[in-house]
Engineer: 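Following this message is one structure expressed as structure tokens.
The structure presented is a predicted model; accordingly, all values stated were derived computationally and were not measured.
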Amino acid sequence: MNEDDQDGKTPPVPDGAAGGPGTRAWGPLRGGPPFGPARPGFWRSPARGPWSTSLLGAILLVGLPVLFVTGLLSYAAYNPDLASNDKTPDKGLLGFYLFPWPTDPPWLYRLTQGVHVTLGIVLVPVLLAKLWSVVPLLFRRPAADSVARALERLTVLFLVGGALFVFATGILNIQLEYVFPGSFYPLHFYGAWVFVAALFSHVVLKLPTMVRELRARGLREALSDRGRDTERGELVAPDPDPGAASRRTLLGAVGLGSLALLLTTVGQSLGGSLRPTALLAPHGRSGVDGFPVNTTAAYAGITEADTGPDWRLTVSGEGREVVLTRQDLLDLPQHRSSLPIACVEGWSTRNLDWEGVRLADLADLVGAQGPPGVFVESAQTSGSFGSASLRDNQVADPRSLLALRVNGADLSIDHGYPARVIVPACPGVHNTKWVTRLGFGAV
């Protein structure tokens with residue numbers, strides 16, 4: 001008999017010692033066994049594992065670069081190097097790629113922004129499933145037992161935080177819910193760069209593991225019980241719950257979720273008869289001109305005095321200035337352009353028939369040679385983008401108009417009456433409505 005077992009009783013173990021009553025609560029701090037989410041047996045889903053995490057990561061590795069590139073193109077389309085358009089001050093090296101945004105093809109912005117928004121929405125279920133698949137690693141203890149592990153955890157912190165921030169701000173912008181502090185544009189722009197930097201670092205660390213796992217077993221084997229049972233790794237549940245959803249169910253749910261989001265989103269970019277299918281878009285209603293209204297006249301603070309008989313357009317350039325009534329504009333040579341409107345929120349129209357005066361002709365009216373770029377000012381008193389700068393190539397394009405009519409009728413007040421700008425391949429917010437001044441050469 002052990003001397004500690006006198007009288008058949010085991011002496012009490014001090015609280016906090018190995019096996020003591022305080023071990024379960026303070027184990028992670030005192031070297032005892034982990035508890036709660038830090039305990040491997042806490043996570044019992046048979047759907048988790050290196051293969052499913054690698055597959056979801058591979059899908060994101062294809063989609064996220066497309067999302068990033070189309071986002072950069074969307075930013076370039078705003079011509080942010082023109083001072084009046086810049087919503088992201090001190091961008092420095094992050095603006096290295098900027099170039100003069102072209103006017104051809106006229107549907108360019110409609111394509112790039114439509115892909116950006118639609119793909120971003122479709123990837124949401126994949127992103128959430130990927131984060132769910134690696135949740136156990138966030139509770140792993142010790143958090144960092146080496147320099148390499150510490151760097152990995154740091155990239156994961158920025159990766160997860162950046163992903164949630166960028167996707168959340170993007171979705172809120174699509175829904176016109178500006179509940180975040182500050183302007184959407186710099187927040188989304190800088191957040192995207194942080195996210196992509198973290199993504200690049202994480203891919204460098206994890207790409208060999210992802211490739212190895214996907215090569216180790218094919219899709220059919222991986223989705224079978226045999227493929228699951230032979231898998232090893234930190235993410236594999238040591239005691240899987242037989243009643244929990246399987247890997248097949250997980251991937252099927254992700255696929256169906258992405259498909260459902262695609263079908264209820266893409267209609268806002270394609271327009272036409274498919275627009276009613278865009279159930280998640282806040283632009284279901286149309287104005288009397290038959291296409292969506294983003295900023296109404298009432299929201300922009302436009303009054304009857306701003307659009308009535310006393311409305312005047314001031315055109316300046318080369319030291320000259322002329323003031324025109326709407327009738328004066330109608331007496332000038334009228335031209336037609338067939339152009340869409342596309343907005344940053346992802347919605348767009350098919351080609352609409354615009355009528356009005358060419359911007360280049362108005363530049364000639366004040367002797368502005370080239371013609372140069374133009375600074376456009378609106379009568380709106382509230383909301384963003386009450387003014388915008390357009391490049392010289394945008395002014396020179398013969399399809400760029402100060403539009404007075406659309407689809408055979410005068411503009412409605414919500415669509416910019418008495419006059420608005422329409423430029424090919426230009427973001428909707430730079431097709432300024434309720435124009436009161438054009439300053440050629442003042443960009």
Side-chain angles (χ1 to χ4, degrees), residues 60-61 63-102 108-124 127 154-155 157-203 265 269 282 294-295 342-348 383-391 394 425-432 443:
L60 290 174
L61 193 56
L64 290 177
V66 176
L67 203 61
F68 183 59
V69 170
T70 52
L72 293 182
L73 290 175
S74 176
Y75 180 63
Y78 280 75
N79 287 316
D81 51 341
L82 301 180
S84 59
N85 293 348
D86 194 3
K87 300 295 182 182
T88 51
D90 302 321
K91 56 185 172 292
L93 292 177
L94 299 183
F96 72 93
Y97 72 96
L98 292 174
F99 57 94
W101 189 251
L108 178 61
Y109 187 73
R110 184 185 182 196
L111 173 66
T112 59
Q113 194 59 19
V115 170
H116 182 73
V117 170
T118 302
L119 179 60
I121 293 294
V122 168
L123 286 179
V124 168
L127 175 68
L154 186 62
T155 63
L157 173 65
F158 282 103
L159 182 66
V160 174
L164 293 177
F165 180 83
V166 170
F167 274 78
T169 53
I171 292 171
L172 288 171
N173 179 66
I174 294 169
Q175 296 299 319
L176 303 178
E177 295 289 345
Y178 300 106
V179 296
F180 34 78
S183 171
F184 164 75
Y185 297 93
L187 289 173
H188 200 65
F189 178 77
Y190 293 129
W193 277 106
V194 170
F195 170 52
V196 167
L199 176 64
F200 177 80
S201 301
H202 191 71
V203 168
T265 301
S269 298
N294 200 13
T295 300
C343 277
V344 68
E345 298 91 0
W347 69 264
S348 62
S384 301
F385 298 99
S387 62
S389 291
L390 301 175
R391 287 189 177 277
Q394 294 175 309
C426 185
V429 290
H430 283 184
N431 290 307
T432 308
V443 295

Engineer: Could you check, using the six-membered ring where one of them is a Trp, whether F68 and W193 have ring centers closer than 6.0 angstrom?
Structural biologist: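 Yes, they do, as the ring centres are separated by less than 6.0 Å.
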Engineer: Tell me every residue that passes ring-ring contact (aromatic ring centres under 6.0 Å, His included) with F195, counting only those two or more places apart in sequence or in another chain.
Structural biologist: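 ring-ring contact (aromatic ring centres under 6.0 Å, His included) list for F195, sorted by chain: empty.
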Engineer: Using 30° and 60° as the class boundaries, would you call the ring planes of Y109 and Y78 parallel, tilted or perpendicular?
Structural biologist: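 Ring orientation of Y109 relative to Y78: perpendicular.
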Engineer: For the residue pair A163 and L127, what are the closest heavy atoms and their distance?
Structural biologist: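 Heavy atoms only, the tightest pair is CB-CD1, 4.0 Å.
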Engineer: Roughly how far apart are N79 CG and Q394 CD, rounded to 0.5 Å?
Structural biologist: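 Reported value, rounded in 0.5 Å steps: 5.0 Å.
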Engineer: Do the side chains of L108 and P102 get nearer than 4.5 Å, heavy atoms only?
Structural biologist: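 Yes, close enough: below the 4.5 Å cut-off.
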Engineer: Just how far is it from atom OG1 of T265 to atom CD1 of I174, taken to the nearest 0.5 Å?
Structural biologist: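 T265 atom OG1 to I174 atom CD1 measures 7.5 Å (nearest 0.5 Å).
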Engineer: Would you please classify the geometry between the H188 ring and the H116 ring as parallel, tilted or perpendicular, with 30° and 60° separating the classes?
Structural biologist: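 It falls in the perpendicular class, over 60°.
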Engineer: Report yes or no: does S269 contribute a side-chain atom to a donor-acceptor pair with the main-chain N or O of G346 at less than 3.5 Å?
Structural biologist: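 Side chain of S269 to backbone of G346, a donor-acceptor pair under 3.5 Å: yes, one is there.
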Engineer: With sequence neighbours left out, which residue pairs that include part of residues 64-85 fulfil the salt bridge (charged side-chain N to carboxylate O under 4.0 Å, His left out) condition?
Structural biologist: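 Sorted result for residues 64-85: D81-R391.
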Engineer: Give a yes or no on whether F184 atom CZ has more than 12 heavy-atom contacts from other residues, nucleotides or ligands under 6.0 Å away.
Structural biologist: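 Enclosed: over 12 neighbouring heavy atoms sit under 6.0 Å from CZ of F184.
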Engineer: Is the side chain of T70 donor-acceptor paired with the backbone N or O of Q113 at a distance under 3.5 Å, no angle test?
Structural biologist: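 No.
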Engineer: Checking T169 side chain against V166 main chain: does a donor-acceptor pair fall under 3.5 Å?
Structural biologist: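 Yes, T169 side chain to V166 backbone: donor-acceptor pair under 3.5 Å.
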Engineer: Whether the side chain of W101 engages the backbone of A425 through a donor-acceptor N/O pair (distance < 3.5 Å, no angle test) should be reported.
Structural biologist: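 Confirmed, W101 side chain pairs with A425 backbone.
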